[in-house]
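Following: one structure in structure tokens, then a few remarks.
Counting convention: from 1, in listed order, for ligands and their atoms alike. All residue numbers refer to positions in the sequence shown, counting from 1. Keep in mind that what you see is a predicted model, and the values were worked out from it rather than measured.
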Amino acid sequence: MTVVLVLILLGPPGAGKGTQAARLCAARSLAHISTGDLFRENLKQDTALGKRAKGFMDAGQLVPDELVLEMLFDRVAKPDCRQGYLLDGFPRTIPQAEALEKRLGGHAKVVVLSLRVPEPVLLERLTARRTCKACNHVHHLRFAPPKVAGKCDKCGGELVQRTDDTLEVVSKRLEVYRNQTQPLEGFYAGRKLLAEVDGNRPEEEVFRDLSRRSIGGEAA
Ligand code: AMP
């Protein structure tokens, strides 16, 4: 049985997980699995799963573990994950991490990278974030404004504010992160799998640091 690389990108909403995940996956030929994107895709397609997840997402709460796990395990069973994959936004609770650990058994090399960004910076980033409806590329009204207002630089698609990027929902998401997801740092540190990376730096610098540490063996 081959050992697959499973990179886990931890960090609060707005830490830059999505942007960095896309770059890391392109550089290392990994499948990019974002549970948030999978849920949003289900919402768009109006599936039964999307309907069940919607209320939780709109309120900034976590979708119940059993729904997330079923969706995630279906996804990572697909052929594009055979060479390894990056998890962006999963796990978000200790039971999710335990379920993943059980499923992977000894057949994976797990590297967990935790992006750290101070909360005031996260608030600023999230509330000014505009996401492309078509390709999910993210712009920031101040730091990475689109060349044409309201249009994605990458594909020309319509830029919108995610319904959960409003100040009220963002505050809830940050609270949920502190209470339910941050304990994962201790979970993975205890297994000597965690490396912490300062995410409050220019994108390129953060990327270089993450790339270096994603090779593994540098977990601190
Ligand atoms: P994200 O795009 O990663 O910020 O996720 C958007 C929303 O999807 C979250 O606020 C949750 O409601 C839901 N979600 C995404 N991933 C998970 C997960 N691993 N566990 C529970 N809920 C999730």
Side-chain angles (χ1 to χ4, degrees), residues 6-22 24-25 31-76 85-104 110 112-115 117 119 121-123 125-133 135-140 159-185 187-188 199:
V6 177
L7 271 185
I8 297 176
L9 212 46
L10 277 185
K17 295 190 299 298
T19 305
Q20 296 292 348
L24 283 168
C25 287
H32 178 184
I33 316 293
S34 154
T35 42
D37 283 350
L38 290 173
F39 280 125
R40 279 184 290 278
E41 200 47 44
N42 273 278
L43 285 184
K44 228 195 252 174
Q45 312 275 336
D46 208 20
T47 65
L49 177 62
K51 287 194 180 99
R52 292 178 71 187
K54 186 174 178 355
F56 298 102
M57 294 175 74
D58 285 347
Q61 289 167 353
L62 295 183
V63 177
D65 288 339
E66 63 275 16
L67 296 183
V68 184
L69 288 170
E70 195 185 327
M71 176 181 78
L72 192 267
F73 291 155
D74 275 357
R75 179 64 189 86
V76 298
Y85 50 91
L86 181 152
L87 295 172
D88 158 12
F90 180 95
R92 262 177 154 101
T93 63
I94 298 275
Q96 288 180 17
E98 287 169 343
L100 177 69
E101 187 173 67
K102 191 160 162 224
R103 172 163 173 127
L104 293 175
V110 176
V112 185
L113 301 168
S114 177
L115 276 174
V117 178
E119 243 181 62
V121 178
L122 295 171
L123 273 175
R125 284 187 185 179
L126 286 164
T127 51
R129 178 159 91 166
R130 296 295 180 271
T131 306
C132 176
K133 249 179 146 173
C135 75
N136 290 328
H137 183 66
V138 173
H139 281 276
H140 186 281
L159 292 179
V160 292
Q161 181 173 42
R162 272 173 47 174
T163 49
D164 60 354
D165 276 348
T166 57
L167 184 58
E168 194 197 347
V169 183
V170 160
S171 308
K172 180 69 197 168
R173 287 165 68 204
L174 290 174
E175 182 194 321
V176 165
Y177 180 80
R178 275 195 305 274
N179 294 336
Q180 301 195 56
T181 307
Q182 210 155 19
L184 289 174
E185 291 182 352
F187 179 93
Y188 287 119

Counting heavy atoms not belonging to R103, are there more than 12 under 6.0 Å from its CZ?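 Yes - once you tally the heavy atoms of other residues, nucleotides and ligands closer than 6.0 Å, there are more than 12.
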
Crowding at CD, E70 (>12 non-hydrogen neighbours, <6.0 Å):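 No, CD of E70 has 12 or fewer neighbouring heavy atoms, counting only those of other groups under 6.0 Å.
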
Given 3.5 Å as the limit, does a donor-acceptor pair link the side chain of K17 with the main chain of G11, or not?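 Checked: pair present.
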
Look only at the side chain of T127 and the backbone of L167, and say whether a donor-acceptor pair between them is shorter than 3.5 Å.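 Such a contact is absent between T127 side chain and L167 backbone.
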
Assess whether a salt bridge exists between R178 and E175, defined as any Lys/Arg side-chain N lying under 4.0 Å from an Asp/Glu carboxylate O.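 No, R178 and E175 are not salt-bridged.
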
Ion pair check, R173 and D165, cut-off under 4.0 Å: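 Salt bridge between R173 and D165, a charged N being under 4.0 Å from a carboxylate O: yes.
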
Which protein residues come within less than 4.0 angstrom of ligand 1, counting heavy atoms only?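 Ligand 1 pocket, heavy atoms under 4.0 Å: T35, G36, F39, R40, M57, Q61, L62, V63, V68, G89, F90, R92, Q96, R162, D164, R173.
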
